[in-house]
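On a predicted model such as this, the values are computed, not experimentally measured, just so you know. The sequence lines fix the lettering, A, B, ..., with proteins before strands; numbering per chain opens at 1. All heavy atoms count here, side chains included; hydrogens, waters and symmetry mates do not.
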Amino acid sequence: MKQVYILCIDDEADVLEAVERDLAKLETVFPLETASSADEARSVLERIKEAGGEVGVVFCDHVMPKETGGEFLRWMEETPEWRVTRKALLTGQAGLEATVSAVNNASLDYYLAKPWTREGILQAAKRLLTDYVIERNLEPLPYMALLDTARLAENAYTRGLMSDT
Amino acid sequence: MNSKTLIGVLLGVAAFAVALILPIEGLELSARITLGIFLFAAIFWISEPIPIYATSMCVILLQVMLLSGQGFVFSPRNAPVAETEAVEGGALIVPASALSEDGFLYLNKQGKSVGKIKPASVEALGGGRLAVVGKGLTEEVVVIADPTHRSITSGAGSYSAFYNTLASPIIMLFLGGFALAASAVKFGLDKNLTRVLLRPFGTKPAMVCLGLMVSTATLSAFMSNTATTAMMMTVVLPIVASVAVSDPFRKCVALAVPVAANIGGIATPIGTPPNAVALAALKENGINISFSNWMVLAVPFTLILLVFAWWVLMAFFKPETKTLEIKLDGKFNKSPKAIASYVIFAVTVLLWVTEKLHGISTTMVAFLPIAALPALGVLDKKDIRGFSWEVLWLVGGGISLGLSMKETGLAVWLIGLVSWNTLGALGVVIVFGIVGYLIANLISHTVAATMIMPLAITVGAALAAAGGFNLVASIVSITAIVSCAMVLPISTPPNAIAMATGIIETKDMAKVGITVGVAGLVLAIVFCLTFWPAVIS
């Protein structure tokens, strides 16, 4: 089984801590990696890739020094190995223009406004990870209990992912 | 590569080598090679260093290369060639040692096969030479110098016999089943049938559970147990979500589905791959079982066990809620293609169960959906690619291995290690049933059936020849028992799916699995001795 990670990028350490706390329920199956800048995120991605892992979903702050979240997500979208990663913008300050640009250029999958609720971010993560598991055609069993069980089961039988062997 | 994989690979290869190298009393070279392949396959299937279907493919490769008349070991290419000379008058001069004791000359036909000719006249010329005359004995023939060479004595057949197992009628039967199931899933027939089947059971928890089990078993009799379970889980999850977290009914329905899917697979020949393994073994022994005959044997068994399993679930997980709210909305797809798929489904099943009236065999009818569904555009190439081909490879490899075990005498030798006659008919079924049940709980049902069936059918055929033993009943019984193995999440894919939902714990599954499985084991043995022989005769 390939290790699927969640990546969270924000220049504020307390935001990363809050996300870590809120997504603790998923940690057993989807380890969370954090980064405080786009550059640090790139080295985290490199490390994950070298270990043979994948990134299922990335939550990225928009307003960061040097490189904005929108730009970073766009870079991910244009890099073949991270294209399939589900991308969420986690922000309070992105204006309409930045948001539209992120939707259009980084094919943004989710917009999570700060401040978020624990239930809100958990549901978003579950939905995006379910999308990822389905899109990647991963063997669904290890993920069923944590994610959207019905959708994974439906996908498994309509696409014939499992057989009587 | 982790250590478990490495140990599996090393053990498998070592067992293969040992069987080849060790001289075993009473086993010919071909049987020893088969034993090696059998041990290699068994170890690989159990420890799974590679996927089980890949092991089956390796089995066929090894057979083609090592056991066929064209392979490395038994090809006439390896046989010494006799010096021959054609003389005036059409006679051929050959060394006397080339003529076998019963007066045959063996020819190497381009290194691909062995020819056998009895010369019309043989004249000794002295000096260990013979002048032979006979049809086909011309200057061009290559005579094998040693008539006791292994390429002749092994009786190895053509490599194509191993390939043919992949197109055996039983494989075609399953392919037909796959085509029907794929079209049913594509147009939602499975879900809509569930809706129709579930409705009469109302909203009381106990009845809903029974309804779910009946629907699951009915579908899994025609579709894969695994796909049925995954589909039924999408029906069950909203029901689970609607009752209190503390209500044992949640566990009850989550377990009802895999249990019913495992049991339902027994009901028809296409229900589950172990049935294919059994049908193929019987066919090898000249016994053909029609779709309807199998159902006459298996459906009563399935029904009794299903009701028992329901009762067990109700006893272990007594529902607290009084009524359930079940949403059964949805409409039958009425597009032309969907209707075509319903018609083909109905016609195929109808032809299957009415074989007595028209005489077209089950395995022949199976090709109707294979051809008609793509022809009508119901299934496209994407759907065809989506069939569970690996299951066919798994079963095909098993049939192929069984073929060699029978032909090389390995099966007879293996069963000769135990004196079965002293056990009697009951003892044989009990021994094979219990061994099959235990193995099948730990590894794939198909693989368990594949490993046991060549031996069971050899013992059974010997006992049946001696009289007082019903071969068909015993094989059906062992097959049903294999399907009853459902103690652990790893026992069957339906169990794994149910476990993956996180609603149940392993101990819940084990509790129900052991109770239902042991009941199935006992019931299959009772049926084997009473009901089935009566129906068959």
Problem set entry | Heavy-atom proximity to chain A below 4.5 Å, by part of Lys186(B) | neither
Exercise. Among Ala181(B), Ala230(B), Gly502(B), which has the most heavy-atom pairs under 4.5 Å with chain A?
Worked result: Ala230(B)
Exercise. Crowded around Arg83(A) CZ? As in, over 12 foreign heavy atoms under 6.0 Å?
Worked result: no
Problem set entry | Selection from Val236(B), Ile503(B), Val235(B), Thr501(B) maximising heavy-atom pairs under 4.5 Å formed with chain A | Thr501(B)
For this session: Report, as yes or no, whether the 6.0 Å neighbourhood of atom CZ on Arg42(A) holds more than 12 heavy atoms from other residues, nucleotides or ligands.
Result: yes
Problem set entry | Test side-chain contact (heavy atoms from CB on, under 4.5 Å) applied to Tyr157(A) and Thr228(B), Thr229(B), Asp190(B), the passing residue | Asp190(B)
For this session: Test side-chain contact (heavy atoms from CB on, under 4.5 Å) on Met162(A) and Ile497(B) and set out the steps.
Result: CA-CA 10 Å; Met162(A) 288 176 291; Ile497(B) 294 175; 3.6 Å; yes
Exercise. Has Trp82(A) got more than 12 heavy atoms of other residues, nucleotides or ligands less than 6.0 Å from its CH2?
Worked result: yes
Exercise. Does NZ in Lys114(A) sit with more than 12 non-hydrogen atoms of other residues, nucleotides or ligands closer than 6.0 Å?
Worked result: yes
Exercise. For chain B, which of Ser163(A), Ala153(A), Ala156(A) has the most heavy-atom pairs under 4.5 Å?
Worked result: Ser163(A)
Seminar exercise, completed: Honestly, the part of Leu394(B) sitting under 4.5 Å from a heavy atom of chain A is side chain
Problem set entry | Test log, rule side-chain contact (heavy atoms from CB on, under 4.5 Å), inputs Lys191(B) and Glu154(A) | CA-CA 11 Å; Lys191(B) 259 196 159 163; Glu154(A) 173 108 29; 3.4 Å; yes
For this session: Return yes if some donor-acceptor pair links the side-chain N/O of Asp164(A) with the main-chain N/O of Thr226(B) below 3.5 Å, else return no.
Result: yes
